[in-house]
Amino acid sequence: QVQLVESGGGLVQTGGSLRLSCAVSGLPISRYHMGWFHQAPGKEREFIAGIRRDEPNTYYAASVKGRFTISEDNIKNTLYLEMNSLKPEDTAVYYCAARSGFWSSAPNRYDYWGQGTQVTVSS
């Protein structure tokens, strides 16, 4: 049974930092494309950062490039998102997701999802 569990969200002031974790069971993250997405109320779910396995490479949304870093610990089978210089517009629920097959940054192409963790950045 596949399970992805995000943690590490919370309330932080503008300019602060958070580290999100995604603990995965039931699949080895090293064999899947992995991504972080966020979704604010009333808005579409958006790609934030991802790890592509076949090149390999990492990808970031323009809005977070230089501020966020995606990483992983294959022993712990855990994905991370280091979030620095946070802005109010980063406020959203953050999800991690896994995908097999071809690389994609499209949310509807991902196979497995966590329940999300809330990140709120105060102004």
Side-chain angles (χ1 to χ4, degrees):
Q1 185 174 353
V2 175
Q3 188 173 15
L4 290 72
V5 181
E6 301 95 338
S7 62
L11 175 64
V12 64
Q13 294 183 349
T14 297
S17 299
L18 286 172
R19 189 192 190 207
L20 306 184
S21 298
C22 175
V24 181
S25 60
L27 66 84
I29 63 172
S30 64
R31 296 179 61 188
Y32 287 77
H33 306 301
M34 300 296 299
W36 284 99
F37 301 79
H38 78 10
Q39 187 169 24
K43 295 186 177 181
E44 297 290 325
R45 191 165 298 186
E46 295 181 331
F47 173 82
I48 297 300
I51 302 176
R52 182 176 182 173
R53 298 303 183 188
D54 58 330
E55 292 194 326
N57 206 352
T58 57
Y59 298 88
Y60 296 93
S63 61
V64 307
K65 191 173 184 179
R67 298 190 297 123
F68 292 8
T69 303
I70 189 170
S71 63
E72 62 192 342
D73 185 329
N74 290 325
I75 302 301
K76 296 180 178 179
N77 210 45
T78 299
L79 187 74
Y80 301 98
L81 184 68
E82 182 72 35
M83 308 166 65
N84 298 310
S85 301
L86 283 161
K87 305 174 181 180
E89 50 264 45
D90 296 318
T91 296
V93 177
Y94 283 73
Y95 301 89
C96 65
R99 170 177 168 74
S100 62
F102 296 117
W103 162 257
S104 179
S105 61
N108 61 5
R109 297 296 187 181
Y110 277 72
D111 303 301
Y112 304 102
W113 292 86
Q115 292 297 305
T117 185
Q118 177 71 46
V119 171
T120 302
V121 184
S122 64
S123 59

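All figures in this text were calculated on a predicted structure; none of them were measured in a lab. For reference, positions follow the sequence shown, starting with 1.
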| task | Give the C-alpha distance, both sets of side-chain angles, the deciding distance and a yes or no for side chain to side chain contact (heavy atoms under 4.5 Å, CB included) between Ile70 and Tyr59. | result | CA-CA 9 Å; Ile70 189 170; Tyr59 298 88; over 6 Å; no

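- Residues Leu79 and Tyr112 are members of one and the same hydrophobic cluster, defined by side-chain heavy-atom contacts under 4.5 angstrom among Ile, Leu, Val, Met, Phe, Trp and Tyr.
- Sparse packing is recorded around CD of Gln13, with 12 or fewer heavy atoms of other residues, nucleotides or ligands lying under 6.0 Å away.
- In this structure, OG on Ser63 lies 8.0 Å from NZ on Lys87, to the nearest 0.5 angstrom.
- Of the charged side-chain nitrogens involved, none lies within less than 4.0 Å of a carboxylate oxygen, so that Arg67 and Glu89 do not count as a salt-bridged pair.
- Taking the six-membered ring where tryptophan is involved, the planes of Trp103 and His33 are perpendicular, since the angle between them exceeds 60° and thus also 30°.
- Proximity of the aromatic rings of Tyr110 and Phe37 is defined here by a centroid distance below 6.0 angstrom, and this criterion is met.
- Contact detail for Arg45 and Pro107: the closest heavy-atom pair is O-CG, 3.6 Å.
- The closest side-chain heavy-atom distance from Gln118 to Thr91 is below 4.5 Å.
- Interatomic distance, CG of Leu81 versus CZ of Arg19, reported as 10.0 Å (0.5 Å rounding).
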| request: Under the side chain to side chain contact (heavy atoms under 4.5 Å, CB included) rule, what do Leu20 and Met83 come out as? Steps first, then yes or no, please. | output: CA-CA 8 Å; Leu20 306 184; Met83 308 166 65; 3.5 Å; yes

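- Contact annotation: the side chain of Ser7 never approaches that of Thr117 to less than 4.5 Å [non-hydrogen atoms, C-beta and beyond].
- Going from atom CD1 of Ile48 over to atom CG of Asp90 covers 7.5 Å, rounded to the nearest 0.5 Å.
- For the atom pair Ser100 OG and Arg109 CZ, the distance stands at 12.0 Å (nearest 0.5 Å).
- Counting only heavy atoms from C-beta outward, the side chains of Tyr95 and Gln39 approach each other to under 4.5 Å.
- Residues Ile51 and Trp36 fall within the same hydrophobic cluster, defined by Ile, Leu, Val, Met, Phe, Trp and Tyr side chains chained together at heavy-atom separations under 4.5 Å.
- The shortest distance between side-chain heavy atoms of Asn77 and Ser25 does not fall below 4.5 Å.
- Inter-residue side-chain proximity for Asp111 and Val2 is flagged as unmet; no heavy-atom pair is nearer than 4.5 Å.
- Closest non-hydrogen pair, Asn84 versus Ser17, comes out as OD1-OG, 2.9 Å.
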| request: Take His38 and Val119, measure what side chain to side chain contact (heavy atoms under 4.5 Å, CB included) needs, and give me the verdict at the end. | output: CA-CA 9 Å; His38 78 10; Val119 171; over 6 Å; no

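- Cys22 is listed as a side-chain neighbour of Val24, based on a closest heavy-atom distance under 4.5 Å.
- Put simply, CD1 on Ile29 and NZ on Lys76 are 11.5 Å apart, with the number rounded to the nearest 0.5 Å.
- No donor-acceptor pair closer than 3.5 Å links the side chain of Gln115 to the backbone N or O of Glu6.
- Put simply, Phe47 and Tyr94 are part of two different groups of oily side chains (I, L, V, M, F, W, Y) that touch within less than 4.5 Å, one to the next.
- There is no path of hydrophobic side-chain contacts, each under 4.5 Å, that joins Leu18 to Val93.
- Linking Ile, Leu, Val, Met, Phe, Trp and Tyr residues whenever their side-chain heavy atoms come within less than 4.5 Å leaves Tyr80 and Leu27 in two separate clusters.
- In this structure, Phe102 CZ and Arg52 CZ are separated by 10.0 Å, a value rounded to the nearest 0.5 Å.
- The minimum heavy-atom distance linking Thr78 with Ser21 is given by the pair CG2-CB, 4.2 Å.
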